[in-house]
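Please read these numbers as outputs of a predicted model, since none were measured by experiment. Start at 1 with the first residue, then count along the sequence.
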Amino acid sequence: MFDPDLLKNKTVIITGGGTGLGKSMAQRFGELGANLVITSRKLEVLEETAEEIRTSGASVLPVQCDVRKPAEVEKMVSQTVEEFGSVNVLVNNAAGNFISPTEKLSPGGFQVIVDIVLNGTFNCTLSVGQEMIKSGGGVILNIITTYAWTGSGYVVPSACAKAGVLAMTRSLAVEWAKHGIRTNAIAPGPFPTEGAWKRLVVPGLGIEKKIKKRIPLKRFGEQRELADLATFLISDGTGYINGEVVTIDGGEWLKGAGQFNDLDKVPNSVWKFMSKKR
Ligand code: HXC
Ligand code: NAP
């Protein structure tokens with residue numbers, strides 16, 4: 001799908017890069033020649049992932065960093081510049097989430113998600129953005145979700161935080177364009193990852209089957225599909241895409257939005273009847 005040297009000489013920071021979608025993006029960017037910095041709270045996990053990715057020949061720097069802590073973020077960005085000379089791309093992928101009836105949440109439960117998702121994204125964007133402004137530009141890619149604009153029950157902290165990241169994406173796309181920085185987002189639908197599934201899929205209720213049924217394409221996303229979309233959006237060939245959110249969900253959110261979408265179930269005999277002039 002891509003030139004094997006597409007991301008050669010690009011340095012990409014991926015938060016939450018040791019697991020799930022962050023790891024898949026790191027693997028794909030590495031295959032295409034990028035230098036990688038993968039970062040999260042668990043150094044052991046990062047080191048294991050780095051070892052795996054290095055087999056493709058990529059240079060990978062694992063850095064322990066809690067995105068909630070501005071001092072740790074600044075240090076991570078300095079380490080990146082020391083190792084690779086500059087930062088070309090930041091992927092804000094780290095997140096926290098759980099399902100809960102909202103009336104059962106504590107203030108701390110709301111705060112922890114907003115701290116990771118919204119404040120964490122801001123902390124990384126600020127430190128990396130300052131560096132990109134000095135060096136003449138770059139690309140910021142935020143991983144959000146479709147309920148950033150629809151909202152969703154039972155994940156209110158995450159919905160509020162992701163909506164904030166969406167607003168940040170569109171705001172900076174305009175404000176930082178003058179510095180040569182493009183800012184975009186990806187809104188994934190359901191992609192099975194250990195981190196998301198163990199926190200969001202209630203076991204024993206057949207929820208996976210129900211989710212698949214409501215997706216027009218009748219399947220979950222494959223991690224490689226998301227990694228390829230991210231590759232496209234960070235590459236120089238998409239230099240005029242700025243402030244955009246690309247949805248990758250098999251049509252899931254639109255299926256819930258269109259008033260007549262459930263007419264899939266109408267039998268042909270009824271369509272025949274409905275087609276008569278009345
Ligand atoms: C209610 C909860 C809770 C739960 C924690 N809390 N889990 N409240 N239901 N299931 C509350 C605690 O009571 C506490 O509140 C506060 O949150 C902080 O909890 P800690 O356990 O101390 O937090 P911490 O150790 O920092 O862990 C953060 C975490 C954890 C978010 C709770 O799950 C985590 O580390 N997640 C990282 C990875 C992750 O979530 N991946 C999934 C991303 S998937 P008090 O009041 O006692 O202080 C995703 C998909 C979106 O985003 C779309 C899907 C389609
Ligand atoms: P995941 O594997 O749990 O990824 C979350 C990552 O964030 C982990 O690597 C975690 O690593 C890191 N992280 C959490 N808190 C952090 C903190 N305070 N500082 C630094 N790193 C932190 O889940 P995923 O499914 O791949 O999710 C990746 C992204 O996709 C998230 O933004 C999520 O909202 C989004 N998304 C996923 C889906 C889906 O269906 N999977 C759908 C829509 C959107 P540590 O625990 O080591 O810190």
Q: Would you indicate whether the side-chain heavy atoms of T121 and V67 approach each other to under 4.5 Å?
A: no
Q) Stepwise, does the side chain to side chain contact (heavy atoms under 4.5 Å, CB included) test hold for F98 with I113? A) CA-CA 9 Å; F98 51 72; I113 302 303; 3.9 Å; yes
Q. In terms of heavy-atom contacts, does CD of E48 have more than 12 from other residues, nucleotides or ligands at under 6.0 Å?
A. no
Q) With side chains defined as the heavy atoms from C-beta onward, is the minimum distance between Q223 and K23 less than 4.5 Å? A) no
Q) Is the count of non-hydrogen atoms from other residues, nucleotides or ligands lying under 6.0 Å from Q259 atom CD greater than 12? A) no
Q. Does R182 use its side chain to pair, donor to acceptor, with the backbone of I241 at less than 3.5 Å?
A. yes
Q) For the atom pair CD (Q27) and CG (L32), what is the distance rounded to the nearest 0.5 Å? A) 12.0 Å
(Q) How close do E31 and S56 get, counting heavy atoms only, and between which atoms? (A) N-OG, 4.2 Å
Q: Look at the side chain of R54 and the backbone N and O of V60, then say whether any donor-acceptor pair between them is shorter than 3.5 Å.
A: yes
Q) Where do A187 and V245 come nearest, in terms of heavy atoms and distance? A) CB-CG1, 3.9 Å
Q.
Taking the side chain as everything from C-beta on, heavy atoms only, tell me whether N93 gets closer than 4.5 Å to L21.
A. yes
Q | Step-by-step side chain to side chain contact (heavy atoms under 4.5 Å, CB included) determination, I215 to F220 | A | CA-CA 8 Å; I215 299 171; F220 294 129; 4.3 Å; yes
Q: Look only at the side chain of N142 and the backbone of I144, and say whether a donor-acceptor pair between them is shorter than 3.5 Å.
A: no
**Q.** K209 atom NZ: more than 12 heavy-atom contacts under 6.0 Å
**A.** no
Q | Any side-chain heavy-atom pair of V91 and V12 under 4.5 Å | A | yes
**Q.** Distance, nearest 0.5 Å, that separates CG of L43 from SG of C65
**A.** 11.5 Å
Q) Are there more than 12 heavy atoms of other residues, nucleotides or ligands under 6.0 Å from atom NZ of K178? A) yes
Q | CE on M132 to NE2 on H179, rounded to 0.5 Å | A | 12.5 Å
Q: Please name the residue in the list N123, T39, V37, I116 that meets the side chain to side chain contact (heavy atoms under 4.5 Å, CB included) test with T15.
A: T39
Q | Atom pair CD (E72) and OG (S127), whose distance is rounded to the nearest 0.5 Å | A | 12.0 Å
Q: Group every Ile, Leu, Val, Met, Phe, Trp and Tyr by side-chain heavy-atom contacts under 4.5 Å, then state whether V81 and L36 land in the same group.
A: no
**Q.** Exercise: identify the closest heavy-atom pair between L46 and I38
**A.** O-CD1, 3.5 Å
Q: Evaluate the side-chain proximity of L118 to M168: yes if any heavy-atom separation is below 4.5 Å, no if none is.
A: yes
Q) Can F29 be reached from I53 by stepping across I, L, V, M, F, W or Y side chains whose heavy atoms are under 4.5 Å apart? A) yes
**Q.** Residues in side-chain hydrogen bond (donor to acceptor under 3.5 Å, both in side chains) contact with D236, at least two apart in sequence or another chain
**A.** K10
**Q.** Beyond-backbone contact of F122 with L126, side-chain heavy atoms, under 4.5 angstrom
**A.** yes
Q: Any chance you could lay out the side chain to side chain contact (heavy atoms under 4.5 Å, CB included) test for M76 and I13, step after step, and finish with the verdict?
A: CA-CA 9 Å; M76 178 273 290; I13 296 176; 3.9 Å; yes
Q. Near F191 CZ, under 6.0 Å, is it more than 12 heavy atoms from other residues, nucleotides or ligands?
A. yes
Could you list the donor-acceptor pairs under 3.5 angstrom formed between side-chain atoms of residues 146-155 and any protein atom two or more places apart in sequence or on another chain?
{"residue": "Y147", "atom": "OH", "partner": "N97", "partner atom": "ND2", "Å": "3.0"}
{"residue": "Y147", "atom": "OH", "partner": "S158", "partner atom": "OG", "Å": "2.7"}

**Q.** Hphob cluster co-occupancy, I14 + L6, side-chain heavy atoms under 4.5 angstrom
**A.** yes
Q.
Please determine whether a side-chain nitrogen of the Lys or Arg among E225 and R219 lies less than 4.0 Å from a carboxylate oxygen of the Asp or Glu.
A. yes
Q. Do the side chains of V128 and V89 join up, straight or via other hydrophobic residues, at under 4.5 Å, putting them in one cluster?
A. no
Q: Check whether any side-chain heavy atom of F84 lies under 4.5 Å from a side-chain heavy atom of Q79, and answer yes or no.
A: no
Q) Taking V165 as the fixed residue, which of V117, I143, T125 is the one that meets the side chain to side chain contact (heavy atoms under 4.5 Å, CB included) rule? A) V117
Q.
Which residues pass the side-chain hydrogen bond (donor to acceptor under 3.5 Å, both in side chains) test with D66, not counting sequence neighbours?
A. R68
Q | From CZ (R28) to OG (S24), nearest 0.5 Å | A | 11.0 Å
Q. Looking only at heavy atoms, what is the nearest atom pair of P157 and V114, with distance?
A. O-CG2, 4.1 Å
Q.
Tell me every residue that passes side chain to side chain contact (heavy atoms under 4.5 Å, CB included) with P267, counting only those two or more places apart in sequence or in another chain.
A. S269, V270
Q | Atom pair CD1/OG1 of I186 and T247 - distance to nearest 0.5 Å | A | 10.0 Å
(Q) Looking at every non-hydrogen atom in both residues, tell me the closest pair between A26 and G17 and how far apart they are. (A) CB-O, 4.4 Å
Q) Got more than 12 heavy atoms from elsewhere within 6.0 Å of NZ, K255? A) yes
**Q.** Step-by-step side chain to side chain contact (heavy atoms under 4.5 Å, CB included) determination, D115 to V112
**A.** CA-CA 5 Å; D115 263 355; V112 72; 5.6 Å; no
**Q.** side-chain hydrogen bond (donor to acceptor under 3.5 Å, both in side chains) against S40, all qualifying residues, sequence neighbours excluded
**A.** none
**Q.** Distance-minimising heavy-atom pair for A34 and A58
**A.** O-CB, 4.0 Å
Q) Any donor-acceptor pair under 3.5 Å linking the side chain of T169 with the backbone of N184? A) no
Q | I99 with W253, same ILVMFWY side-chain cluster at under 4.5 Å | A | no
Just list the side-chain donor-acceptor pairs under 3.5 Å for residues 192-202, sequence neighbours left out, or say none.
{"residue": "T193", "atom": "OG1", "partner": "A196", "partner atom": "N", "Å": "3.2"}
{"residue": "W197", "atom": "NE1", "partner": "E208", "partner atom": "OE2", "Å": "2.7"}
{"residue": "R199", "atom": "NH1", "partner": "G195", "partner atom": "O", "Å": "3.0"}

Q. Within the side chain of N35, is there an N or O that forms a donor-acceptor pair under 3.5 Å with the backbone of S59?
A. no
**Q.** Backbone N/O of K8 and side chain of D5: donor-acceptor pair under 3.5 Å
**A.** no
**Q.** Heavy-atom side-chain proximity of N92 to I140 below 4.5 angstrom
**A.** yes
